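Notes follow the structure.
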Amino acid sequence: MDPEKQLGLIKKNTVEIIQEDELLEKLKSKGSLKVKFGVDPTTPDIHLGHSVVLLKLRCLQDLGHKVILLIGDFTARIGDPSGRTKTRKPLASEEILLNARTYRQQAFKILDAAKTEVLFNSKWLSKLSFSRVLKLASHYTVARMLERDDFNIRYQRKYPIGLHEFIYPLMQAYDSVVLDSDVELGGTDQKFNLLLGRQIQKSYGQTPQVMITMPILEGTDGSQKMSKSLGNYIGITEVPHEMYGKLMSIPDELIGKYFRLLTFLNSEEINLKERQLKEGKLHPKKAKEELAERIVSFYYDSSSAKAVKERFQTVFGEKKLPHEIPSYAVDMDKLKEDNIWIVKLLQLTGLAETRSQARRLIEQGGVKWDEEKVKDINLEISLANEHILQVGKRKFMRVVKK
RNA sequence: GGGGAGGUGCCAGAGUGGCCAAAUGGGGCGGGCUGUAAACCCGUUGGCGUUGCCUACGCUGGUUCAAAUCCAUCCCUCCCCA
């Protein structure tokens with residue numbers, strides 16, 4: 001495709017490209033570019049926040065470029081300090097490998113496997129001698145390292161910074177040297193690291209990579225960035241109805257951004273929706289339904305998307321039981337008779353973590369047995385037939401005898 | 001190496017001998033409301049078959065009828081000086 005046209009497609013939804021003219025130049029002279037994308041295998045599950053960058057990589061692949069999915073198995077031993085105010089806990093190497101494998105599988109839900117090369121940076125970083133590390137470190141200064149916002153904040157607030165954390169960005173930059181990458185992608189929180197890659201490449205006599213940053217996606221809470229540790233994430237392997245439900249729970253203000261970054265709907269249509277939402281011509285729930293349906297269709301298929309849409313309507317609109325409810329088989333041998341204490345059952349089924357929590361749920365009117373609100377904490381129930389136990393609005397369990 | 005400050009619940013942060021399972025805020029959970037698992041309002045938030053008992057305020061030990069609070073050793077963090 002014509003370089004100018006490609007640039008237009010690549011630019012869509014990006015926050016920053018440094019330098020755009022260099023990118024155009026590379027597109028003209030090289031044709032197919034080597035695009036580096038580094039992954040920190042500290043968490044195994046890819047969520048929609050990660051998908052923003054992955055979708056852009058997919059776009060680059062479709063334009064004929066080659067993506068290097070770089071698993072930072074070595075760097076994970078430090079943990080990326082980006083955006084953190086605390087030192088990360090280092091992971092055990094088996095865990096890192098396991099995460100890497102899971103990550104890779106999940107990434108190919110979005111990326112084109114045929115146009116992706118997967119590499120592990122331990123391959124070269126583990127062999128780097130101390131003297132080479134010193135040479136690498138000499139290319140950057142403490143003062144400049146402290147310019148980095150997260151380090152700066154930690155320094156200002158008198159939070160500890162491990163010396164090894166200073167090395168992290170340098171290792172990531174060194175990866176770019178080893179790969180001789182043309183382009184590196186990341187979220188805006190990666191800007192410093194990506195720029196350092198450029199500088200270190202120059203120090204090693206290479207043409208610097210072009211840096212492309214993508215927006216950070218807020219999680220379901222609507223304010224903080226999507227992350228597993230904050231519990232506001234939507235994983236791309238979550239079961240369809242969870243994915244759908246979580247998408248329905250995003251704050252209304254985020255609808256436009258989610259459409260823009262997570263679906264293939266074109267900009268004109270998204271703009272139109274945003275305008276209609278503002279004018280009250282489009283109900284936010286309707287907009288979210290479409291959003292959720294599109295995203296579930298992408299990761300699964302349109303028929304499951306339709307099914308979960310109906311399920312949502314049944315459960316939350318009509319407040320009825322969903323069609324599919326997981327079962328829990330009570331081991332009757334452990335019971336004296338056919339009766340079981342409700343609090344105990346709640347804990348057994350996992351609908352409540354502790355008995356105290358189970359009590360609380362009952363006291364607050366959050367527990368239903370066969371669609372009847374449970375009022376008595378001492379209730380003993382008979383398990384003669386099949387029953388439905390419900391906690392809150394969205395947790396259901398079919399209780400049967402083993 | 002010397003001097004100073006500090007380590008409290010999921011997180012932030014009060015409490016400096018009994019009234020402390022520990023204020024307040026955030027988050028979580030439940031309820032109400034709603035064409036939403038949005039927004040908003042209310043409640044709740046260590047465990048235990050629970051008007052009581054057990055375990056908890058960095059670790060260990062001590063003082064005391066009584067310790068998150070006092071003392072000692074140790075571990076960890078930050079600041080200043082070197």
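Each chain gets a letter, A, B and so on, in the order its sequence line appears, and its residues count up from 1. Treat the numbers as computed from the prediction; the structure is a model and nothing was measured.
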- [ ] Classify the nucleic acid contact of A:K246 as base, sugar-phosphate or nothing, counting any heavy atom under 4.0 Å across all strands shown.
- [x] base
Open item on the list: Using whole Å, what does the distance between atom C1' of nucleotide B:U36 and atom CD of A:E293 come to?
Closed with: 15 Å
Task: Residue pairs involving residues 101-114 of chain A (criterion side chain to side chain donor-acceptor pair (under 3.5 Å); sequence neighbours excluded) - done: A:D45-A:Q106
- [ ] Please state the P separation for the pair B:A22 and B:A37 - nearest whole angstrom.
- [x] 34 Å
TODO: Please list every stem that involves RNA chain B, where a stem is a run of 3 or more consecutive Watson-Crick or G-U wobble pairs with both pairing distances under 3.5 Å.
DONE: B:1-7 with B:75-81, B:10-12 with B:24-26, B:27-32 with B:40-45, B:46-48 with B:52-54, B:60-62 with B:70-72
Open item on the list: Please confirm whether the shortest side-chain N or O distance from A:R311 to OP1 or OP2 of B:A37 is below 4.0 Å.
Closed with: no
Open item on the list: Under 5.5 Å centre to centre and under 30° between planes: does that hold for A:W341 and the six-membered base ring of B:G49?
Closed with: yes
Open item on the list: Of the listed nucleotides (B:A37, B:A38, B:C48), which one gets closest to any side-chain atom of A:S249?
Closed with: B:A37
TODO: Could you state the atom-to-atom distance from CD of A:E290 to C1' of B:G35 in whole Å?
DONE: 17 Å
Task: Side-chain N,O (A:T354) to OP1/OP2 (B:C48) below 4.0 Å - done: yes
Open item on the list: Checking the side chain of A:K26 only, and the main-chain atoms of A:D182 only, is there a donor and an acceptor separated by less than 3.5 Å?
Closed with: yes
Open item on the list: Go nucleotide by nucleotide along RNA chain B from the 5' end; which of A:D252 and A:R355 gets its closest nucleotide reached first?
Closed with: A:D252
Task: No-H, no-angle donor-acceptor pair, A:Q364 side chain to B:G31 base, under 3.5 Å - done: no
Task: Of the listed nucleotides B:U45, B:C78, B:U36, the one nearest the side chain of A:M248 - done: B:U36
Task: Within 45° cone and under 6.0 Å: A:K393 NZ/CZ vs A:F316 ring - done: no
Task: Gap between atoms NZ and P, on A:K393 and B:G31 respectively (whole Å) - done: 6 Å
Open item on the list: Could you tell me how far apart A:M226 (CE) and B:G27 (P) are, to the nearest whole angstrom?
Closed with: 17 Å
Task: Same-atom distance (C1') from B:A68 to B:U50, integer angstrom - done: 25 Å
Open item on the list: Judged by each residue's nearest nucleotide on RNA chain B, which is more toward the 5′ side, A:Q347 or A:K286?
Closed with: A:K286
Task: Any N/O donor-acceptor pair, A:R359 side-chain to B:U50 base, under 3.5 Å - done: yes
Open item on the list: Quick test of your reading of the model: are A:R360 and A:E363 salt-bridged, counting only N-O distances below 4.0 Å?
Closed with: no
Open item on the list: What is the distance, to the nearest angstrom, from the NZ atom on A:K228 to the P atom on B:G27?
Closed with: 22 Å
- [ ] Select base, sugar-phosphate, or nothing to describe what A:L254 touches, counting heavy atoms under 4.0 Å on all strands.
- [x] nothing
TODO: Using whole Å, report how far CD of A:E363 lies from P of B:G31.
DONE: 14 Å
Open item on the list: Measuring only the C1' atom in each nucleotide, how far is B:G46 from B:G2? A whole number of Å is fine.
Closed with: 43 Å
Open item on the list: Would you measure the distance from the C1' atom in B:C59 across to the matching atom in B:G32 and give it in whole Å?
Closed with: 47 Å
TODO: Round to a whole Å and report the spacing from CD of A:E318 to P of B:U36.
DONE: 10 Å
TODO: Please test A:K288 against A:Y258 for side chain to side chain contact (heavy atoms under 4.5 Å, CB included), starting from the C-alpha separation and ending with a verdict.
DONE: CA-CA 9 Å; A:K288 277 201 256 185; A:Y258 269 53; over 6 Å; no
TODO: Using the six-membered ring of A:F396, assess whether NZ or CZ of A:K368 lies under 6.0 Å from its centre and within 45 degrees of the ring axis.
DONE: no
Open item on the list: If the test is salt bridge (Lys or Arg N to Asp or Glu O under 4.0 Å), which one of A:K66, A:K34, A:K36 qualifies with A:E117?
Closed with: A:K66
Open item on the list: Does A:E380 reach a base, just sugar-phosphate, or nothing at all? Heavy atoms under 4.0 Å.
Closed with: base
